[in-house]
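Below, read A as the first sequence line, B as the second, and so on, with proteins coming before strands; counting in each chain starts at 1.
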Amino acid sequence: MGKYNEYKNLNYAKLGEDVLAFWKENNIFGKSVTTREGNENFVFYEGPPSANGTPGIHHVMARAVKDIFCRYKTLKGFQVNRKGGWDTHGLPVELQVEKELGITKEDIGKKITVEEYNQRCRETVMRFKNQWDDLTEKMGYWVDLNNPYITFENEYIESCWALLKRLYDKGYLYKGYTIQPYSPGAGTGLSSHELNQPGCYRMVKDTTIVAQFEVKKITRNMFLFDNEEENVCFIAWTTTPWTLPSNTALAVGKGIKYVKVKSFNPYTFEPVSVILAKDLVSRYFSDKAKDLALEDYKPGDKLIPFKVAAEFVGSDLAGVEYHQLMPYVQPDKPAFRVVVGDFVTTEDGTGIVHISPTFGADDFRVAAQNDIPALLVTDEFGKTMPLVDKQGRFVKEVTDFAGMYVKNYTGEDETGADYKPTDVKIAIKLKEENKAFRVEKYEHTYPHCWRTDKPVLYYPLDSWFIKTTAVKDRLIELNKTINWKPESTGTGRFGNWLENLVDWNLSRSRYWGTPLPIWRTEDGDEELCIGSIAQLNQEMAKAVEAGVMDAAADIKDLHRPYVDNIILVSKSGKAMYREPDLIDVWFDSGAMPYAQWHYPLENKNTFEQNFPADYIAEGVDQTRGWFFTLHALAVMLEDSVAYKNVIANGLVLDKNGNKMSKRLGNAVDPFEMIGKYGPDAVRWYMIANAPPWDNLKFNADGVVETQRRFFGTLQNTYSFFALYANLDNFTYAEADVPLERRTESDRWIISKLNTLVQEVDSYLADYDPTKAARAIQDFVVDDLSNWYVRLNRKRFWKGEYNEDKMAAYQTLYTCLETIAKLASPIAPFYTEQLFRDLNSVSGRNSVESVHLADFPEVAKGAVDKDLEERMQLAQTVSSLVHSLRKKQMIKVRQPLQRILIPVLSEHTKQQIQAVEDLILSEVNVKEVEYIDDTSGILVKKIKPNFKKLGQVFGPKMKLVAAAVQQMNQEDIAKLEREGGFEILLNDDETAVLTPDDVEISSEDIPGWLVANEGKLTVALDITITEELKQEGIARDLVNRIQNLRKDSNLEVQDKIHIRVQRSAAPEVNAAVENYNAYICAETQALSLEFVDELVDGTLLDIDEYQVYIQIQIESNVTI
RNA sequence: GGGCUUGUAGCUCAGGUGGUUAGAGCGCUACACUGAUAAUGUAGAGGUCCGUGGUUCGAGUCCACGCAGGCCCA
């Protein structure tokens, strides 16, 4: 017959390794998928990690969250395929390679060929794959590592191309421009990474201008004017005067207060009314001039008078039109009006921001949102361009400044007396034209090119976009159907992002990534988007035929430089070259639902069965990354969500709440943690300690505590079960003892267990693993171990193998097995061993692994809320009695006669009576006496029911409460007897209370030692009679003899003989005589006898008594 | 600067729809218990519930404004 495994000093890390070996040998993961074949799919998408760095502890967190729900759904009967994946493109890989080779981006194609460079990236990106695979296995994250999708593979890229072509065909792909940092000296755009190099931002002194923008005198604007003659101007400040010829709008803050100030221009002395932010008036108008009258002003006066004439808020000003400041070039649609911008502040300037869409990112964005055009000219090739060329010079259309460099890019001697920066020349012109309100030097930081040391320009550069704004409403609408955990990420961070959506800039000027599959003629008139390798081959054949390409290339790799060498032919016969950009790597990962199956080029069915995902989970930092690109592509390609449920998990910080970093040395090594504490404790700790979407402060002490408190307790409980079940050969072979024949505590723990199953099921169904883990933990520690097992210990080790004992075994077994299943998604290793240890003996489950089992069903009939309530009463009463004993220093081993419990309702009385035996044995008392009203000795306490009374009396609540507090015993009795009681609120107002309006409890029994908790009160009779004293001594003797047995290393089942030396104290002798049978039964003694003199006896101290005793093992007993 | 988020005991965290004495575990102190024993029970100490205003008879909870930490974006 099989025995339950017993363990000494269980090693959880070793357990993890053993279970892992078992899974591997028996392909349990594979079976957990194949055995669900034909069942409903639960679709999970793996957000691909990048293997060019080593995995950290936060990956354990993220992957545990993913794993838990996949395992849970498997238990619930779903088939859960989980295809792994690797993210392999992108800037971090390139930067790492450049660092290792000691080169910069500029060297690519010069010091190293693009081919060699990309080869290097390909090798680097998978460098730590082995470590990742190792961690995945060791932490128990079940994902298919054998057939992962890899974003650099040709098939994957081809899928991306096919998707891009679909977007292209729908008109969602277009070429436009974005404002990027640009170095005219180097003739190249700069990445934000390059701009963040140390030393790039430095202090410069620039000429700044506050310009006057004259409001048009048209009907809609007349609210700004006092009369037809008034000259009303917006004033706006700029540190880049060279952008003023390109101005097409002004931005105000929606809620910012503005004023119109009547004053005079300081350069021309002309009267002018300027509009600026109210908070900034003092910066432009001297406080000393505030009392001067406008009429007294004479041209040239140092103090210029001013008068605040009107006030507005920003939204009032939106839409107001003004005259173009420097009319060199005209826009192609209406411009020169005020718009609202969220970036406007009153920290500096005038609270009104000058907008030139071609030279500022904010400007560009706010202009696009308000349909404000940019000022552009056409160059000699017919291409449009801004008013400054790529060398940094004004174009010829800006006549007064044509050909001038906007900054000193030619190394002119700035110290020369004749030198005037272009900005200064602009300032002079504006002053002369009565358009400058203030000109001054201003020192500030400004980014410079790290190669030329010259200031960068923010300049429009070509980019390819996906027109996500075209489907903005649909994106928002479908987002509302997604179940976000936490909800706020979906409505807040993600929802706001969608509300403020701009088109997705796809272009990246790099080398290692998915190339943009668009070929274009040099003049840009004709272009072709390629959607497959086959199509590319066809087009190549045409090109060869047309003679634009020498010979068709063999397409082995869709990366650069190979695709760059392909030249296609346009319909009109012109050569087309590939647009040199790569696409944003986020497109790669957002395309994974399709590209992982090489869809749409093949596997249509597989794709359809696996789209959209039921569930995904990643870090909250992916909100605008993966979460967005998945959503955007799904909406544009399939008009569907990409995922129905999503957990956005928080960060894992160090124990002090700081971000972990290798540089600071506070990063926690996941392998070390798992090696030290085993995978389960690490997973359990992370999940139970904080909800996944909160940041987790990772502290190894917490892992230790989890291991000790939860796993230690569970293991203790199992060990206890195994020890006795093995002795009794309990294998769960017998039929279940019906619930009604089980004890109150059996039925209670089974009721609690079923409640737990229901709770855990609903928490997991709601994607809340933390609540599930905590519920399981509380059940195991508090209910199962500290109450059920503690109260029922004796049933396991005492007496015959009868029905009651069997019921106890069955009950405990059921609890353990159910816990194994419930906890298996979170702690897959330990629960596997627990399950197999139990099942290998009982054979109750036909499956070989807990992960192949079914989620426990709730036995609704077994849930008994009344029973749960009365067991709670038993626990409270016991706790109160313990506390009373403690106060009187009466040890639990000393029996006491009775406790008194005041009961104010029959229901409470019945509830307590049902658990009376439990209470009595737990607190070692003989009887419970219930006292009710009729006894006449209860002192009652009355308390207002604030919730109820508050609703009725509202503001008079304080008076009512005071009146209630003042009620005496007679008043309370009257209220109870008559069902109503009149109270006086004030001199002429009364109110009638009903018993529902108050809470009445009994808190005192005069003359008794009482304790209470909530509405429950317990009194203890502390009289110790001679008989009780003897029994106490007997119990002490039992205790000492048990200790002796243990000290003598006797086995639990060994029988003994006891000899006691007759004591000088008669009560000890009496106890031995009167409780002889009891002592024998408790200590497994066959005999207990007195002797006058014991030679080799052990001296026992029992309170004030000393007893010599000897135990001897019975050698003839056979088990 | 904007959006989102967190702030409760020394530490980690609970505290539906407002209800008067704010809880748990760990840690600390003391005592007890002992066939689960590297466990367990009881008790104690420990809180301006981040701050300031407001709404309300009543605010940890609702509102406003701040402060501090975190993430993302400028």
Atom-pair distance ([atom1] on [X]; [atom2] on [N]), nearest Å:
X         : N     : atom1 : atom2 : answer
A:Arg365  : B:G2  : CZ    : C1'   : 10 Å
A:Trp684  : B:G25 : CH2   : P     : 18 Å
A:Arg493  : B:A74 : CZ    : C1'   : 14 Å
A:Leu651  : B:U6  : CG    : P     : 15 Å
A:Trp626  : B:C71 : CH2   : P     : 22 Å
A:Asp1036 : B:A32 : CG    : P     : 13 Å
A:Glu6    : B:A36 : CD    : P     : 14 Å
A:Asp782  : B:G41 : CG    : P     : 8 Å

Considering every strand and a 4.0 Å limit on heavy-atom distances, what is the contact class for [X]: base, sugar-phosphate, or nothing?
X        : result
A:Tyr724 : sugar-phosphate
A:Ala690 : sugar-phosphate
A:Asn945 : nothing
A:Lys794 : nothing
A:Arg774 : sugar-phosphate

For [X] and [N], is the shortest distance between a side-chain N/O and OP1 or OP2 below 4.0 Å?
X        : N     : result
A:Arg793 : B:A36 : yes
A:Asn695 : B:G69 : no
A:Lys697 : B:C11 : no

Under 3.5 Å on both distances, the Watson-Crick or G-U partner of [N]:
N     : value
B:A39 : none
B:A45 : none
B:C33 : none
B:A68 : B:U6
B:G23 : B:C13
B:G53 : B:C63
B:G1  : B:C73

Lys/Arg N to Asp/Glu carboxylate O, [X] vs [Y], below 4.0 Å:
X        : Y        : value
A:Lys805 : A:Asp728 : yes
A:Glu759 : A:Lys771 : no
A:Arg774 : A:Asp778 : no

Starting at the 5' end of RNA chain B, which residue's closest nucleotide do you reach first, A:Glu705 or A:Tyr788?
A:Glu705
Using the rule given for salt bridge (Lys or Arg N to Asp or Glu O under 4.0 Å), can you reason through A:Glu499 versus A:Lys472, listing the C-alpha separation, both sets of side-chain angles and the distance that settles it, and then say yes or no?
CA-CA 8 Å; A:Glu499 294 286 348; A:Lys472 177 175 159 181; 5.0 Å; no
With no angle test and no hydrogens, is the base of B:A39 tied to the side chain of A:Ser785 by a donor-acceptor pair under 3.5 Å?
no
Pair A:Trp484-A:Asn479, side-chain hydrogen bond (donor to acceptor under 3.5 Å, both in side chains): steps then yes or no:
CA-CA 9 Å; A:Trp484 281 86; A:Asn479 179 44; 2.9 Å; yes
